[in-house]
Amino acid sequence: MSLTGIIRNAFIPRQKKLLLHDSAPLQLQREALEHLVERAKHTEYGQKHSFNSIKNYEDFSKMVPLNTYEELKHDINRMRHGEQDILWQGQVKWFAKSSGTTNDKSKFIPVSHEGLHAMHYKGGSDAVAMYLANNTKSRMFDGRALILGGSHSPNYNLPGSLVGDLSAILIENINPLANLVRVPCKKTALLSDFELKRDRIARETVGKNITNISGVPSWMLSVLMRVMELSGKQHLNEVWQNLEVFFHGGVAFTPYRRQYEQLIDNPDMHYMETYNASEGFFGLQNDPTDASMLLMLDYGVFYEFIPMDKFDDAISTAGVAQQLIEPERQASIVPLEGVKTGVNYAMLISTTCGLWRYVIGDTVRFTSVAPYKFVITGRTKHFINAFGEELIVDNAEQGLAYACRETGAEVHEYTAAPVFMDNDAKCRHQWLIEFVHRPDSLERFAGLLDKKLQEINSDYEAKRYKDITLQHPEVICARKGLFEDWMKLRGKLGGQNKVPRLSNSRTHIEQLVAMNGSE
C-alpha cells in the first residue's frame, strides 16, 4: 500500500463530520456564535458590548456594531503592542499584513492561536480531506508538496510576535512533521525578495517528486515558468511526472486556467479552489464539477451578509450598536438562514481572532442554500459604478473569458477603470490587459467583451444603450511584465498581493499606463 493509502484513513472521521454542512448547517452556525460569545465575554470588547447578556443572534445583532478596520484599528494596535484580553482572550502574537485602507498603507489582522489552528490549518486539512474523497486513486502523499508563501518580520520586537503574510505565519508555525513532505526549505519559503525566492524555489524543486502545489495562481505561475526555464522541458508534467493537483486561492483562477492547462499537459490534472484570506478560512470547492465553494461553518466563524444594494446605508452605521440607531436607519444585515441565491452580498465575519461583525471586503453570491455554496463575485471596493453600471469583478471575469474563447487570446493580468470624460466629452471604460496571446484585433476583442458584459449585466447594458451614457470600451495592450514591474515598484511583489481588477478611481491605471510607455 502506498503512503497515501495509509494516510487516507486518518481523514475518514473528518470526511464523515463534514456531512453536517449538508444536514445541520444552521446548528453549526449557532454553535459557532455561542462559542465566540462565551470565549470572549471577559475581554474588554466583550464587556463593553455586554456579551454576558447575549443569548441568541437577535441579542448579538443589536448589541454588537458592524465594524470596518477603522473601528477596530486602535484595539488591534494595542494588541500589537502586547496588551491582552482586548478583542480576543489572552495575548495575540501574530498579525497578518493585508492591503490597506483609505487612511493606511496596510491592515494588520490579528491571528490568534485558536484561529490559526481552528480556521487556517483546519481549512488546509479539509481541503486534503475533500480532495482525497473525490480522488480515490490519489497518491499525493507519495511525493512532496510545493507550498508558496510570503515573508514575515518581528512585530514591534515583542518576543515571539510576528507580522507578515498569512502564508508566512502558517509556514512559521506549521507542524515540523509537515516539513518532511513540503518544499522549499523554510529559509527559502520565508525570503522577502520574491525574485530571489522564485529562483531558489525552482532550483530546490526541479529535481523533486512534486505531487501537489499550493498558492496564489499569479505568483505560482511565475515560479513555474522559472522551473520550466531551468528544466528546459516543454510541459511541467515532464518535470514533475506525478503532479496531480493545484490547491489555489487568493485571486480568481479564470484568467489563469488556460495558461495552466497549456503548461500542464495532463487531462488528469486537478484544480481545487480554496478561500483562505488573512481574516480566516471560509470556503472549499468540494465538488470538482462545480466551480462554487462550500461555506465552511465549523471553523469558529459566524457569518452575516449585507445585500450590496443596501451596503452603503449599512456602512454608514459602522461602529454604532443597532439598538442605538433609529429603526429606519438600522442596517439590512441577515444571518446565514436569511440569504437567497442569486443575490450579491457583502460578507461580515465574527471570528476566534477577535474580528466582530467585520466587513471583510469581499462580495459573494450563493448558488445553493442546501448546502450553502457560493462564488466570490469581487470586492466591495473593486467595482466600477461611475455611471450607474455596477460592474463587478465576476462580470469582468465572464466577459474576458468569452472574448478570449472567441478570439483565441489569453489574458495574464488586467485592470480597468472609467474614463470620466475625454476631449470629445465621451465616457467609457478603459481596460489595460497584459496578454499571453494577443488577439488579432483589439477592437474585436473589446467588442466581444462589451457584448458579453451587456448580456450579463442589465445596468451596464442600459448605460451602453445607443452610446448615450457610456461609450464602447477601450482596450490597451500592456507590455510583458508591466504588472509585475508595477507591483515590484510598490513593494507588493509576491506573497498574497493582488492586482486591483476594477476601480472607480484612475489612480492605479494611470500609473500603469505611464509605465507602459508607447505601447
Heavy-atom donor-acceptor pair, Gln89 side chain to His42 backbone, under 3.5 Å: no

Sequence-distant partners of Ser292, side-chain hydrogen bond (donor to acceptor under 3.5 Å, both in side chains), two or more places apart: Asp290, Thr367

Salt-bridge contact Glu58-Lys62 (side-chain N to carboxylate O under 4.0 Å): yes

Leu295 vs Leu336 side-chain heavy atoms within contact, under 4.5 Å: yes

Asp298: partners by side-chain hydrogen bond (donor to acceptor under 3.5 Å, both in side chains), with sequence neighbours left out: Arg14

Arg8 side chain to Leu132 backbone, donor-acceptor under 3.5 Å: yes

Pair Gln29, Tyr57: side-chain N/O donor-acceptor within cut-off below 3.5 Å: no

Stepwise side chain to side chain contact (heavy atoms under 4.5 Å, CB included) test for Trp356 and His49: CA-CA 11 Å; Trp356 298 103; His49 296 288; over 6 Å; no

For the student: nearest non-hydrogen atoms of Gly149 and Ile171, plus distance: CA-CD1, 4.0 Å

Heavy-atom closest contact (Ser503 atom, Ile384 atom, distance): O-CG1, 3.7 Å

Test item: side-chain donor near acceptor, Ser222 and Arg198, under 3.5 Å: yes

Flag, side chain of Arg78 to backbone of Ile86, donor-acceptor distance under 3.5 Å: no

Derivation of the side chain to side chain contact (heavy atoms under 4.5 Å, CB included) call for Tyr45 and Asn67: CA-CA 12 Å; Tyr45 193 87; Asn67 289 297; 3.0 Å; yes

Exercise: identify the closest heavy-atom pair between Leu284 and Gly123: CD1-O, 3.8 Å

Validation row: Leu72, Leu87 side chains within 4.5 angstrom (heavy atoms): yes

N-O pairing of Glu172 and Lys93 below 4.0 Å: no

Parallel, tilted or perpendicular, as decided by the 30° and 60° cut-offs, for the rings of Tyr303 and Phe305: parallel

Trace of the side chain to side chain contact (heavy atoms under 4.5 Å, CB included) decision for Ser278 with Lys107: CA-CA 10 Å; Ser278 299; Lys107 294 183 291 189; over 6 Å; no

Residue among His74, Lys73, His81 satisfying side chain to side chain contact (heavy atoms under 4.5 Å, CB included) with Asn77: His81

Centroid-centroid under 6.0 Å between His508 and Trp486 rings: yes

Main-chain N/O of Leu28 paired with Glu31 side-chain donor or acceptor, under 3.5 Å: no

Test item: Arg39 side-chain N/O and Lys41 main-chain N/O as donor-acceptor pair under 3.5 Å: no

Residues Lys488, Asp485: salt bridge by 4.0 Å N-O rule: no

Aromatic plane relationship, Phe141 with Phe11 - under 30° parallel, 30 to 60° tilted, over 60° perpendicular: parallel

Step-by-step ring-ring contact (aromatic ring centres under 6.0 Å, His included) determination, Phe253 to Tyr260: CA-CA 10 Å; Phe253 191 53; Tyr260 275 91; 5.5 Å; yes

Glu397-Tyr414 side chain donor-acceptor pair, cut-off 3.5 Å: yes

Within-4.5 Å side-chain heavy-atom neighbours: Leu170 and Asn276: yes

Side-chain donor or acceptor of Asn344 paired with backbone N/O of Met308 under 3.5 Å: no

The single option from Leu26, Asp22, Leu294 passing side chain to side chain contact (heavy atoms under 4.5 Å, CB included) against Tyr372: Leu26

Criterion side chain to side chain contact (heavy atoms under 4.5 Å, CB included) on Met487 and Phe194, from CA distance to verdict: CA-CA 11 Å; Met487 295 289 278; Phe194 181 72; over 6 Å; no

Heavy-atom donor-acceptor pair, Lys498 side chain to Gly250 backbone, under 3.5 Å: yes

Test item: Arg506 side-chain N/O and Pro418 main-chain N/O as donor-acceptor pair under 3.5 Å: yes

Heavy-atom side-chain proximity of Glu484 to Glu434 below 4.5 angstrom: no

Non-hydrogen side-chain atoms of Met140 and His270 separated by less than 4.5 Å: no

Side-chain donor-acceptor contact under 3.5 Å, Asp126 with Tyr299: yes

Ring geometry between Trp88 and His35 (parallel below 30°, tilted from 30 to 60°, perpendicular above 60°): tilted

Side-chain (Ser50) to main-chain (Asn52) donor-acceptor, under 3.5 angstrom: no

Minimum heavy-atom distance between Ser112 and Cys353, given as atom pair plus value: N-SG, 3.5 Å

Stepwise ring-ring contact (aromatic ring centres under 6.0 Å, His included) check, Tyr131 with Phe247: CA-CA 10 Å; Tyr131 176 73; Phe247 299 100; 5.7 Å; yes

Exercise: do Asp362 and Tyr275 side chains pair donor with acceptor under 3.5 Å: yes

Under 3.5 Å side-chain donor-acceptor pair for Tyr256 and Glu413: yes

Lys197 (side chain) donor-acceptor with Ala189 (main chain) under 3.5 angstrom: yes

Qualifying residue, where the test is side chain to side chain contact (heavy atoms under 4.5 Å, CB included) with Val334 and the options are Val339, Leu348, Ile306: Val339

